[in-house]
Amino acid sequence: IQEAFAGLFASLRKNGTTRVCVDVLVVTFADRAKAFGFAPAATFAAPDLVFGGMTNTAEALDMAREKIEARWREYAARGVSLNKTLVFVVTDGQPTSPPEAYRQAVARLRAFEAKNRRVEVFPIAAGSPAMPALAELSGGREPLLLDHWDELFAWIYQSTLVVSGSIPGGRVDLPDTRGWAKTRSV
């Protein structure tokens, strides 16, 4: 998984458009949430992924949303137009955050997505135990059940190509998820 993850960022750095047009933020969450980035793809170094422990989803969702909002304010202050922001929430387990904290974080994220048409949240389960909680994350999007890590990271790369080549505020049609994911009723 780490090799495929690092490969995603190597691909982003190699492409002339994504290396300068894509900003990367990775928030890992086990016992605590930890942010890596925001940084242009050209300079972003993939963190080592650590598996195990708790799944502090509430803290991670709030941290990601707050960092995205701060980045948008930076761009607005410089007069930079924004393309769509893609948020991928990938987890292998149920949230271990207190239930009320998780519900509140999900509500804040969903309100953020509804208010800002330029953000889309993609809940992705790396194992079926995560499916019910992920179903709450994005109002209109069914969570995807991950089949293949390599193909997921290839799809994220292809999605960044589409978004970085789009007109800010315009419609964006992302690549099909077949090949790396399947949907399943939760």
Side-chain angles (χ1 to χ4, degrees), residues 1-9 11-12 22 24-37 46-68 84-114 116 119-160 162-163 172-186:
I1 296 170
Q2 185 67 43
E3 186 177 315
F5 186 63
L8 165 64
F9 300 109
S11 295
L12 289 170
V22 172
V24 178
L25 169 69
V26 172
V27 177
T28 61
F29 52 106
D31 297 334
R32 299 293 313 195
K34 185 173 181 184
F36 301 88
D48 288 334
L49 298 176
V50 178
F51 300 93
M54 306 303 277
T55 308
N56 196 342
T57 313
E59 184 181 23
L61 295 176
D62 283 338
M63 182 180 287
R65 181 185 43 77
E66 290 163 5
K67 290 195 172 290
I68 291 167
K84 188 167 284 292
T85 299
L86 306 177
V87 177
F88 304 98
V89 180
V90 183
T91 184
D92 63 350
Q94 288 286 351
T96 56
S97 312
E100 186 57 26
Y102 180 72
R103 279 191 293 279
Q104 289 174 359
V106 166
R108 286 188 290 271
L109 182 65
R110 287 184 65 181
F112 177 62
E113 184 179 25
N116 298 286
V119 65
E120 278 190 69
V121 177
F122 294 88
I124 302 167
S128 56
M131 293 293 279
L134 285 176
E136 300 173 29
L137 278 184
S138 185
R141 181 170 286 111
E142 185 176 354
L144 297 168
L145 182 59
L146 178 62
D147 262 353
H148 304 286
W149 286 98
D150 290 349
E151 288 85 355
L152 165 64
F153 294 129
W155 179 80
I156 291 174
Y157 173 68
Q158 292 300 319
S159 297
T160 63
V162 170
V163 171
V172 177
D173 292 318
L174 297 179
D176 195 334
T177 59
R178 282 183 293 222
W180 69 265
K182 57 188 171 191
T183 57
R184 186 172 83 174
S185 297
V186 292

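Because the structure is predicted, anything quoted here is derived from the model rather than measured.
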Between [X] and [Y], what is the shortest heavy-atom contact and its length?
{"X": "Leu134", "Y": "Pro143", "value": "CB-CB, 3.9 Å"}
{"X": "Val26", "Y": "Pro47", "value": "CG1-CG, 4.1 Å"}
{"X": "Ala6", "Y": "Ala46", "value": "CA-CB, 4.1 Å"}

Rounded to the nearest 0.5 Å, what's the gap from [atom1] on [X] to [atom2] on [Y]? Could you check?
{"X": "Met63", "Y": "Leu25", "atom1": "CE", "atom2": "CG", "value": "9.0 Å"}
{"X": "Gln94", "Y": "Tyr102", "atom1": "CD", "atom2": "OH", "value": "8.0 Å"}
{"X": "Asp150", "Y": "Phe5", "atom1": "CG", "atom2": "CZ", "value": "13.5 Å"}
{"X": "Thr28", "Y": "Asp48", "atom1": "OG1", "atom2": "CG", "value": "10.5 Å"}
{"X": "Asn116", "Y": "Lys84", "atom1": "CG", "atom2": "NZ", "value": "10.0 Å"}
{"X": "Ile124", "Y": "Phe88", "atom1": "CD1", "atom2": "CZ", "value": "6.5 Å"}

message: Checking Val24 against Phe36 for the side chain to side chain contact (heavy atoms under 4.5 Å, CB included) test, could you report, in this order, the C-alpha distance in whole Å, the side-chain angles of both residues, the deciding distance, and whether it holds?
response: CA-CA 8 Å; Val24 178; Phe36 301 88; over 6 Å; no

Short side-chain to backbone donor-acceptor contact, Glu136 and Arg103, under 3.5 Å: no

Main-chain N/O of Ala30 paired with Thr55 side-chain donor or acceptor, under 3.5 Å: no

Just to verify, what does [X] make a side chain to side chain contact (heavy atoms under 4.5 Å, CB included) with, not counting sequence neighbours?
{"X": "Asn56", "result": "Glu59, Ser97"}
{"X": "Ala60", "result": "Val27, Phe29, Ala33"}
{"X": "Ser159", "result": "Leu86, Trp155, Leu174, Pro175"}

message: Could you go through Leu61 and Leu137, starting from their C-alpha distance and side-chain angles, then the distance that decides it, and tell me whether this counts as side chain to side chain contact (heavy atoms under 4.5 Å, CB included)?
response: CA-CA 10 Å; Leu61 295 176; Leu137 278 184; 3.6 Å; yes

Carboxylate-amine/guanidinium contact Arg110 Glu113, below 4.0 Å: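 Between Glu113 and Arg110 there is no salt bridge, as every charged N stays at least 4.0 Å from the carboxylate O atoms.
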
- prompt: Crowded around Glu3 CD? As in, over 12 foreign heavy atoms under 6.0 Å?
  reply: no

Side chain to side chain contact (heavy atoms under 4.5 Å, CB included) evaluation trace for Val87 with Val89: CA-CA 6 Å; Val87 177; Val89 180; 4.1 Å; yes

- prompt: Does the side chain of Leu49 come within less than 4.5 Å of Ile1's, by heavy atoms?
  reply: yes

